[in-house]
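For reference, the structure is listed below as structure tokens.
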Amino acid sequence: MLLFLTTTLAQAVVVVPNLPDDGVLDPPNRNSIDPNVDYERFSGRVSDKDDASRIFKIQVENNNTKFFRAGDQVLFKLNLKEKEEFCKGFVRSVEDFHFTIFVESLAPCYSSTEYFRRGTVLNFYSKTLALRVFEASKYREQLVLRKEDFLKQLNDINHFLWTFDQQKVKTAADYDEEINRLQREKRKALDDMITLKQERLVLQNELMKKLNELDESLLFYRVERQELMTDRWNSDHDLGLPVGQRPQQMKRQ
């Protein structure tokens, strides 16, 4: 009877780390993987089992077991029995802070003559879990970057919505200023055109006056070809034809 109580008390002992009484336990890591932690090893407590001790429901304090999938293999030993061989189990289902395993045999790590009690602490070893934690950490880093990008976009949208009235007034003022500038330029351009028209009218009158004067000068200084007419007059008298004298004498009646 004393041996049985000793065995029961030994199995109930839980190995816990020596943590400080106050302060932060670990530096912040943004819930990413910590290179100083061995994620291949973790502990859990048997919260329930079937009568044949083949199916165990394990309760854990670290919820990294949520990355398990059905069919994953896990190895485990009883706490304080590290010299024993590993027992092999296969994950059947996963819940928050719980997962269920199927064990082929407890013979490698537990005596078949002893009763396997609920509440027994098991030390697990799983390379698959460490790989899943690493993949989850890398994927989470991408999710964090996406979240930061979405938050930045949302912040820009919120800023626009919160300052919509001010931006509306500012936009209207900018366009009013641009309209006023265009109107000033329009008035200036029309005034310049009116001034240019008046200048062109004065210049038109001056040019027309100058052209008229030039036409009169050109007409006055035009040289007539009167020598051709003189030759023809002389030729009329040299042909030897019977022509009358010019001017003829007046006939008297």
Side-chain angles (χ1 to χ4, degrees), residues 1-20 24-26 28-144:
M1 183 66 179
L2 181 60
L3 179 60
F4 176 76
L5 292 175
T6 304
T7 305
T8 304
L9 292 174
Q11 292 180 355
V13 175
V14 180
V15 177
V16 296
N18 185 17
L19 301 177
V24 180
L25 301 182
D26 294 319
N29 63 344
R30 301 181 67 181
N31 298 108
S32 297
I33 194 169
D34 188 347
N36 299 320
V37 176
D38 184 6
Y39 293 96
E40 295 180 352
R41 302 180 184 274
F42 63 96
S43 61
R45 184 185 298 274
V46 179
S47 61
D48 197 5
K49 70 182 186 67
D50 66 341
D51 295 336
S53 297
R54 302 290 296 275
I55 299 176
F56 298 92
K57 187 172 185 179
I58 311 299
Q59 178 185 4
V60 294
E61 295 184 357
N62 190 315
N63 201 27
N64 285 336
T65 55
K66 63 187 176 183
F67 299 121
F68 273 134
R69 299 174 186 171
D72 289 344
Q73 176 181 295
V74 293
L75 304 178
F76 63 90
K77 294 180 180 180
L78 272 71
N79 192 32
L80 301 180
K81 290 189 177 183
E82 294 297 327
K83 295 182 180 179
E84 301 292 339
E85 297 291 334
F86 277 108
C87 286
K88 184 184 299 182
F90 296 91
V91 177
R92 297 189 64 177
S93 62
V94 179
E95 306 173 24
D96 280 343
F97 295 97
H98 292 84
F99 67 98
T100 304
I101 61 174
F102 171 78
V103 180
E104 295 178 347
S105 174
L106 291 174
C109 61
Y110 196 76
S111 174
S112 59
T113 60
E114 298 180 8
Y115 177 74
F116 196 95
R117 296 181 176 277
R118 293 174 177 84
T120 302
V121 177
L122 304 179
N123 294 330
F124 291 89
Y125 175 79
S126 173
K127 289 186 176 181
T128 302
L129 180 62
L131 179 61
R132 296 272 174 75
V133 170
F134 175 78
E135 293 174 348
S137 175
K138 293 302 179 183
Y139 182 66
R140 190 177 188 280
E141 291 177 2
Q142 298 298 322
L143 294 179
V144 169

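Just so you know, these numbers use all the heavy atoms, side chains as well, and skip hydrogens, waters and symmetry mates. Since we're looking at a predicted model, the values are computed, not measured.
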Short question: side chain of Tyr110, backbone of Tyr115 - any donor-acceptor pair under 3.5 Å?
yes

Surrounding CZ of Phe134 (heavy atoms of other residues, nucleotides or ligands, distance under 6.0 Å), is the total greater than 12?
no

Going from CZ on Phe76 to CZ on Phe86, what distance comes out if it is rounded to the nearest 0.5 angstrom?
10.5 Å

Donor-acceptor pairs under 3.5 Å, side chain of residues 50-62 to any protein atom, not counting sequence neighbours: which ones?
| residue | atom | partner | partner atom | Å |
| --- | --- | --- | --- | --- |
| Asp50 | OD1 | Ser53 | N | 3.0 |
| Asp50 | OD1 | Arg54 | N | 2.8 |
| Asp50 | OD1 | Ile55 | N | 3.1 |
| Ser53 | OG | Lys49 | NZ | 3.1 |
| Arg54 | NE | Val103 | O | 2.9 |
| Arg54 | NE | Glu104 | O | 3.3 |
| Arg54 | NH2 | Glu104 | O | 3.4 |
| Asn62 | OD1 | Asn64 | N | 3.0 |
| Asn62 | OD1 | Asn64 | ND2 | 3.0 |

Checking Phe42 now: which residues fulfil ring-ring contact (aromatic ring centres under 6.0 Å, His included) with it, not counting sequence neighbours?
Phe124

To the nearest 0.5 Å, what is the distance between CZ on Arg92 and CG on Asp72?
14.5 Å

Before accepting this row, confirm whether a basic side-chain N of the pair Arg118/Asp48 lies closer than 4.0 Å to the acidic partner's carboxylate O.
yes

Partners meeting side-chain contact (heavy atoms from CB on, under 4.5 Å) with Ala130 (sequence neighbours left out):
Tyr39, Glu40

Tell me, please, which residues at least two apart from Lys88 pass side-chain contact (heavy atoms from CB on, under 4.5 Å).
Gln73, Leu75, Phe90

CG on Leu122 to SG on Cys109, rounded to 0.5 Å:
7.5 Å

Sorted by chain and residue number, the salt bridge (Lys or Arg N to Asp or Glu O under 4.0 Å) partners of Arg41 (sequence neighbours excluded) come out as Asp38

Heavy-atom closest contact (Cys87 atom, Ser105 atom, distance)
SG-O, 3.8 Å

How close do Phe68 and Val94 get, counting heavy atoms only, and between which atoms?
O-CG2, 3.5 Å

Atom CZ in Phe97, atom OG in Ser47: separation rounded to 0.5 Å?
13.5 Å

Kindly compute the distance separating CZ (Phe67) from OG1 (Thr128), expressed to the nearest 0.5 Å.
14.0 Å

Between CD on residue Glu95 and NZ on residue Lys66, distance to nearest 0.5 Å
14.5 Å

Those residues that, when tested against Asn123, pass side-chain hydrogen bond (donor to acceptor under 3.5 Å, both in side chains) (two or more places apart)
Asn79, Glu82

